Novice: 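What follows is a structure written as structure tokens; I'll ask about it next.
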Amino acid sequence: MYAQMVKSQGMKSLEEMSPEERAFQERVDAGEKIEPKEWMPEGYRKTLIRQIGQHAHSEIVGQLPEGNWITRAPTLERKAILLAKVQDEAGHGLYLYSAAETLGISRDELTEKLLSGEMKYSSIFNYPTLTWADMGAVGWLVDGAAIMNQVPLQRTSYGPYSRAMIRICKEESFHQRQGYAIMMKMANGTPEQKDMAQDALNRFWFPALMMFGPSDKDSVHSAQSMAWKIKMNTNDELRQKFVDETVPQAEYLGLTVPDETLAWNAEKGGYDFAEPDWSEFFEVIKGNGPCNEERLGARQKAWDEGAWFRDGLTAYAEKAEARRANATLAAE
Amino acid sequence: MSKKEWPLWEIFIRGQHGLNHRHVGSLHAPDAEMALRNARDVYTRRKEGVSIWVVESRQITASSPSEKGPMFDPAESKVYRHPTFFDIPDEVGHM
């Protein structure tokens, strides 16, 4: 999802666990939330840092493809809406960095791991946004896929992560609806506008399906994460749910999902659909997608060129603090 | 490159007049004034509050999870602290 391919260790049975580990697992099974200073297995802590960190990075990098269109939005109202949406993504990144920090890593460390390539962000943000219709497709499909994953994560076992997800989910449905509203406008516009909407769907359909991560049969590490309740559904379950909800929405728009094999399967009560090209997915994850370099380059530039500003505010805060201390001394 | 991280602040927001300030999350800021400004942008984009408090995280002293038993269990046996402990006859009326 926003956290794809997060690896965790192999799973232990209850008998193999230490008394602490067993007590921990029993609390998780009972639906109790785990809070920052409580005992937790080292693997749980590390996997969560990777997962929440990757999720936070995705929110931050995810601002870039949409930020691309803020200055080119077709009306002032559309611009204000897009700006608000992108600002929300910044907020979501901050909530998630705070949640990750409760596990004993700092935000600056996380940023450095993103910039060095040690930590990843979602593959979806390595695709370009070529037309205004892409703002519709991103909101509708990308935020739609994100919601699919984030709603169950509100029940995750780690308290700070769960609370961040609850806050994010409250705001996320605005994002999907504003995207769909753009698609409705374009799909009902001139033939050229409708073509742009179809083109956006064509380009974003398979990358959106990739957001859920590889197929369950190739996803070796999810059993432990599911036992710990930091992953609530399998990749294929969520992908199926997404397709089942999205296809009728595409039909309403009068657009065609770019999958000739797509067909309703009455027996399973869901659609049969083509898998995305997984070799493309692995290439994008490795750094060879169309925009990987541009996205990381933009983050690196913001980090480097913002250094004087971060330092300046720190220097000001220290000076003001010293002035206050001196004034107190003088008054005594 | 900057090596000094901005400190962490805990954010408390009063949702409506008449309610307590409630912890909503945390954020980084160089000083209290900036923490207030950032809290406005991060936590009240949809009119979630009428007042904000910010406290530097390191100023908070927290009870330890391992002391949970000794801290909170003693209250369990003192059920007489609840009004339902006492049976008052119906004839007495509402009390």
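The structure presented is a predicted model; accordingly, all values stated were derived computationally and were not measured. Naming convention: chains lettered A, B, ... in sequence-line order (proteins, then strands); numbering from 1 in each chain.
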Novice: Can you tell whether the side chains of B:Lys4 and A:Glu318 come within less than 4.0 Å, N to carboxylate O?
Specialist: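 Counted as a salt bridge, because a side-chain N and a carboxylate O are separated by less than 4.0 Å.
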
Novice: For the CZ atom on A:Phe309, are there more than 12 heavy atoms of other groups (residues, nucleotides or ligands in this structure) within a distance under 6.0 Å?
Specialist: no

Novice: For atom CD of B:Gln16, decide whether the heavy atoms of other residues, nucleotides or ligands shown that lie under 6.0 angstrom number more than 12.
Specialist: no

Novice: Given heavy-atom pairs under 4.5 angstrom as the criterion, report whether the side chain, backbone, both or neither of A:Glu321 touches chain B.
Specialist: neither

Novice: By a 4.5 Å heavy-atom criterion (distance strictly below it), what part of B:Glu48 contacts chain A: side chain, backbone, both, or neither?
Specialist: side chain

Novice: When you measure from the side chain of A:Tyr95 to the backbone N and O of B:Tyr43, does any donor-acceptor pair fall under 3.5 Å?
Specialist: no

Novice: Can you establish whether the number of heavy atoms outside B:Arg37 located under 6.0 Å from its atom CZ is more than 12?
Specialist: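 Not buried by this count: 12 neighbours or fewer within 6.0 Å.
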
Novice: Tell me, for A:Tyr97 versus chain B, whether the close heavy atoms (under 4.5 Å) come from the side chain, the backbone, both or neither.
Specialist: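 For A:Tyr97, neither part sits under 4.5 Å from chain B.
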
Novice: Taking all non-hydrogen atoms of both residues into account, name the closest pair between B:Trp6 and A:Arg310 and its distance.
Specialist: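 Smallest interatomic distance, heavy atoms only, reads NE1-O, 3.2 Å.
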
Novice: Mind listing the closest non-hydrogen atom pair of A:Gly91 and B:Arg45 along with its distance?
Specialist: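 Reported closest heavy-atom pair: CA-NH1, 4.0 Å.
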
Novice: Check this for me: A:Lys113, atom NZ, are more than 12 non-hydrogen atoms of other residues, nucleotides or ligands nearer than 6.0 Å?
Specialist: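 Atom NZ in A:Lys113 is not crowded, with 12 or fewer foreign heavy atoms closer than 6.0 Å.
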
Novice: With a 4.5 Å cut-off on heavy-atom pairs, point out which of A:Glu38, A:Gln87, A:Arg167 contacts chain B the most.
Specialist: A:Arg167

Novice: With a 6.0 Å cut-off (strictly less than), is the heavy-atom count around CD of A:Glu293, excluding the residue itself, greater than 12?
Specialist: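 Count not over threshold, so no.
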
Novice: For B:Asn20, I'd like to know if atom CG has over 12 heavy atoms of other residues, nucleotides or ligands within 6.0 Å.
Specialist: no

Novice: With respect to chain B, which residue among A:Glu35, A:Glu101, A:Arg163, A:Lys170 yields the maximal number of heavy-atom pairs within a distance under 4.5 Å?
Specialist: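 Top option by heavy-atom pairs under 4.5 Å: A:Glu101.
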
Novice: Between A:Leu313 and chain B, with a heavy-atom cut-off of 4.5 Å, which part of the residue counts as in contact: side chain, backbone, both or neither?
Specialist: both

Novice: So, are B:Asp31 and A:Lys319 salt-bridged, with charged N and O less than 4.0 Å apart?
Specialist: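 Judged by the 4.0 Å cut-off on N to carboxylate O distance, B:Asp31 and A:Lys319 do not form a salt bridge.
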
Novice: State whether the side chain of B:Ser26 and the backbone N or O of A:Ser98 hold a donor-acceptor pair below 3.5 Å, judged by distance alone.
Specialist: no

Novice: As an exercise, state the distance from CZ of B:Arg46 to CD of A:Glu171, rounded to the nearest 0.5 Å.
Specialist: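 If we round to the nearest 0.5 Å, B:Arg46:CZ and A:Glu171:CD are 4.0 Å apart.
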
